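A short worksheet on the structure shown next.
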Amino acid sequence: MAEVTVGVRYCGGCNPRFDRVAGVEALARACPSAGFRAAEPGQEYGVLLVVGGCTACCADLTGLSGREQVMIRTAGDFRRAEEAIRRAQ
């Protein structure tokens, strides 16, 4: 499998309903050939993960882009993110 670059942008964390960091760490373990990085403006990612702690998902996306973007608003959304990463590889 080819390495896919995964950009991760977290919300501000003002009202988290689940452990966002633990979810991303578990996702990285499940997809070891993917390269996870903090998302930076001006970079293109294979998959852009927008990790919100609640349904508001207020993360600032200014200047961020990815061939596929996955909004994570609940702990169950990590399953969709894993599927997106596997498709991109």
Side-chain angles (χ1 to χ4, degrees):
M1 282 190 228
E3 180 176 302
V4 61
T5 303
V6 179
V8 180
R9 174 57 60 102
Y10 291 97
C11 68
C14 65
N15 194 22
R17 301 276 194 324
F18 59 95
D19 188 338
R20 300 164 301 142
V21 175
V24 171
E25 289 171 346
L27 188 56
R29 286 191 302 275
C31 302
S33 64
F36 286 74
R37 301 174 169 61
E40 297 291 334
Q43 299 293 317
E44 173 76 23
Y45 299 97
V47 177
L48 176 62
L49 297 182
V50 182
V51 187
C54 69
T55 56
C57 201
C58 63
D60 180 13
L61 305 180
T62 305
L64 299 180
S65 64
R67 288 187 291 279
E68 184 163 359
Q69 179 176 307
V70 180
M71 304 291 281
I72 297 176
R73 295 181 174 102
T74 69
D77 290 337
F78 283 104
R79 188 173 47 255
R80 286 187 312 106
E82 182 176 349
E83 291 167 0
I85 292 167
R86 292 192 187 283
R87 278 193 309 271
Q89 294 180 316

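The model shown is predicted, which means the values in this text are computed figures rather than measured ones. As a basis for the values below, the full set of heavy atoms in this structure was taken, side chains included, without hydrogen atoms, waters or symmetry mates.
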ILVMFWY network linking [X] to [Y], side-chain heavy atoms under 4.5 angstrom:
X: Y10; Y: V50; result: no
X: V21; Y: M71; result: no
X: L61; Y: F36; result: no

Can you find a heavy atom in the side chain of [X] that is under 4.5 Å from one in the side chain of [Y]?
X: D77; Y: T74; value: yes
X: T5; Y: Q43; value: no
X: C11; Y: V51; value: no

Counting distance only, does the side-chain N/O of [X] pair as donor-acceptor with the main-chain N or O of [Y] below 3.5 Å?
X: Y45; Y: E40; answer: yes
X: R67; Y: A88; answer: no
X: R9; Y: D60; answer: yes
X: R37; Y: G35; answer: yes

Determine the minimum heavy-atom distance between [X] and [Y], stating which atoms define it.
X: I72; Y: C57; value: O-SG, 4.1 Å
X: A84; Y: V47; value: O-CG2, 3.9 Å
X: C31; Y: E82; value: SG-CG, 3.8 Å
X: V4; Y: G46; value: CG2-CA, 3.8 Å
X: A30; Y: R86; value: O-NH2, 2.6 Å
X: R17; Y: C54; value: NH1-CB, 3.2 Å

If you apply the rule side chain to side chain contact (heavy atoms under 4.5 Å, CB included), what do you find for L49 with V6, and how did you get there? CA-CA 7 Å; L49 297 182; V6 179; 3.7 Å; yes

Have E44 and S65 got a donor and an acceptor in their side chains that come within less than 3.5 Å?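 Yes, a side-chain donor-acceptor pair sits under 3.5 Å.
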
Determine, for R79 against E83, whether the closest basic-nitrogen to carboxylate-oxygen distance falls under 4.0 angstrom.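 Here R79 does not pair with E83 in a salt bridge, since their nearest N and O are not under 4.0 Å apart.
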
